[in-house]
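Data block below; observations after.
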Amino acid sequence: MKKSKVLLLLALVFQLVSCDTSKKTEQPEEVQKKNIFTIEINMVNKEEDVICLYYKDNTISFFNDDMAIYKNIEKSDVPQTVIFELPEDFLPNDFRFDLSHENSNQSMTVNTLKFSLAGESFEINNTELEKYLSPNEGVVFDSLSRNFTFKKDIKGNYDPFLTTTGQFYPLLEKLVGIGAFQPAVN
């Protein structure tokens, strides 16, 4: 009886040892950092609204709805961050910010604008906004309160927006490279 227990134990040990114990040495999948350009707007807005980011590259001359991202924003007295992600591998060369798309009663403070690509970034603070962004006639910027309000233009249209200034492009070029600004080769 003792001999059969020992044989049974040996058979069990042999079975365990002979099982495929070779560990598969799986390489962890490399997490490729996607080449996605992001824009983060940290702001406080007094009314619900829709904001829009227009972006373009060197293949077009003017902003259009094919290269626009719309985001709903909630009424809030505390800062909120809205994140825009451009299509993968898209290298922008210009932006237009429509900070109020639907609500002419909107009042907004932009705390920061952060532009990021592949682990690199730059940020525009509230105190630098007018250096890098220029309002159209539908935007009223109070330089003391650092607050935006919006109005209809003289024709009664509501289309307030900010465009980038010449001082913005060297910052953007550091992220996307000079190629984003050169004419597209067809």
Side-chain angles (χ1 to χ4, degrees), residues 37-77 79-87 90-117 121-176 178 180-184:
F37 196 101
T38 61
I39 299 96
E40 298 177 32
I41 304 175
N42 181 276
M43 65 180 140
V44 176
N45 51 293
K46 301 298 182 186
E47 301 293 333
E48 285 186 17
D49 209 337
V50 175
I51 62 174
C52 179
L53 171 73
Y54 287 93
Y55 57 94
K56 66 180 214 58
D57 64 5
N58 59 0
T59 64
I60 62 171
S61 299
F62 301 99
F63 296 107
N64 63 52
D65 281 331
D66 291 336
M67 293 184 185
I69 303 169
Y70 293 83
K71 297 275 186 165
N72 293 321
I73 54 174
E74 299 299 320
K75 178 179 180 175
S76 177
D77 290 327
Q80 61 180 303
T81 300
V82 177
I83 300 173
F84 295 94
E85 290 187 346
L86 303 188
F90 187 91
L91 296 177
N93 67 6
D94 206 358
F95 299 100
R96 176 180 133 172
F97 299 91
D98 289 24
L99 296 179
S100 177
H101 199 66
E102 294 180 349
N103 192 335
S104 60
N105 295 321
Q106 182 66 270
S107 174
M108 177 183 298
T109 301
V110 174
N111 297 318
T112 58
L113 287 162
K114 184 177 180 180
F115 301 82
S116 304
L117 177 67
S121 66
F122 70 88
E123 193 168 286
I124 298 172
N125 293 313
N126 178 277
T127 58
E128 305 172 304
L129 290 173
E130 58 268 51
K131 180 178 178 180
Y132 299 108
L133 300 172
S134 177
N136 74 344
E137 64 186 35
V139 178
V140 178
F141 181 66
D142 183 330
S143 59
L144 293 176
S145 69
R146 314 298 298 165
N147 192 55
F148 291 101
T149 54
F150 309 99
K151 63 181 184 175
K152 293 181 179 182
D153 65 17
I154 56 174
K155 294 180 181 178
N157 299 317
Y158 187 69
D159 190 22
F161 60 83
L162 305 172
T163 56
T164 54
T165 67
Q167 293 178 307
F168 174 81
Y169 300 114
L171 298 175
L172 181 59
E173 183 184 325
K174 289 178 185 177
L175 289 183
V176 299
I178 189 70
F181 296 91
Q182 296 173 338

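Starting from 1, each residue takes its place in the sequence as its number. Keep in mind that this is a model prediction, so the values were computed, not measured.
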Could you list all the side-chain hydrogen bond (donor to acceptor under 3.5 Å, both in side chains) pairs where at least one residue sits in residues 60-72, not counting sequence neighbours?
Y54-D65, Y54-Y70, D65-Y70

Which residues satisfy the side chain to side chain donor-acceptor pair (under 3.5 Å) test with T81, sequence neighbours excluded?
N42

Ring centroid separation for F115 and F168, is it under 6.0 angstrom?
yes

Quick one: does any side-chain atom of D142 pair with a main-chain N or O of S145 as donor and acceptor, under 3.5 Å?
yes

Worked verdict on F97 versus I39 for side-chain contact (heavy atoms from CB on, under 4.5 Å):
CA-CA 11 Å; F97 299 91; I39 299 96; 4.1 Å; yes

From CG (L162) to OG (S134), nearest 0.5 Å
8.0 Å

Between P170 and Q167, the two heavy atoms sitting closest are CD-O, 3.5 Å

Pairwise distance CG(L86) to CG(L117) - rounded to 0.5 angstrom
9.0 Å

F37 versus L172: any side-chain heavy-atom pair under 4.5 Å?
yes

Separation between NZ of K131 and CG of L171, rounded to the nearest 0.5 Å
8.0 Å

Indicate the atoms forming the closest heavy-atom contact of P160 with S100, along with that distance.
CG-O, 3.4 Å

Under the criterion side-chain contact (heavy atoms from CB on, under 4.5 Å), which of L129, V110, I41, T112 is the partner of I124?
L129

Set of side chain to side chain donor-acceptor pair (under 3.5 Å) partners for N125, sequence neighbours left out:
none

Across all chains, not counting sequence neighbours, the side chain to side chain donor-acceptor pair (under 3.5 Å) partners of N93 are K56

Using atom types as modelled and distance alone, determine if a side-chain donor or acceptor of Q106 lies under 3.5 Å from a backbone N or O of K46.
yes

Counting only N and O atoms by type, is there a donor-acceptor contact under 3.5 Å from the side chain of D49 to the main-chain atoms of E102?
yes

So, for T149 and S107, which heavy atoms are closest and what is the spacing to 0.1 Å?
CG2-OG, 4.1 Å

Euclidean distance, M43 CE relative to N147 CG, rounded to 0.5 Å:
12.5 Å

Would you please indicate if the ring centroids of F161 and F95 are separated by under 6.0 Å?
no

Check whether more than 12 heavy atoms from other residues, nucleotides or ligands sit under 6.0 Å from atom CD1 of I178, and answer yes or no.
yes

Salt bridge (charged side-chain N to carboxylate O under 4.0 Å, His left out) partners for D159, two or more places apart
R96

Correct closest heavy-atom pair for E74 and N45 would be O-ND2, 2.7 Å

Are the side chains of I73 and V82 in touch, meaning some heavy atoms are under 4.5 Å apart?
yes

D57 vs V176, test: side-chain contact (heavy atoms from CB on, under 4.5 Å). Steps then yes/no.
CA-CA 11 Å; D57 64 5; V176 299; over 6 Å; no

Close side-chain approach of D94 to T164, heavy-atom, < 4.5 Å
yes

All side chain to side chain donor-acceptor pair (under 3.5 Å) counterparts of E130, not counting sequence neighbours
R146

Ring-ring centroid check Y55 F90, cutoff 6.0 Å
yes

How long is the gap from CG on L53 to CD on E85, to the nearest 0.5 Å?
12.0 Å

Gap separating the OG atom of S76 from the CD atom of E47, nearest 0.5 angstrom
11.5 Å

Side-chain (T109) to main-chain (V44) donor-acceptor, under 3.5 angstrom:
no

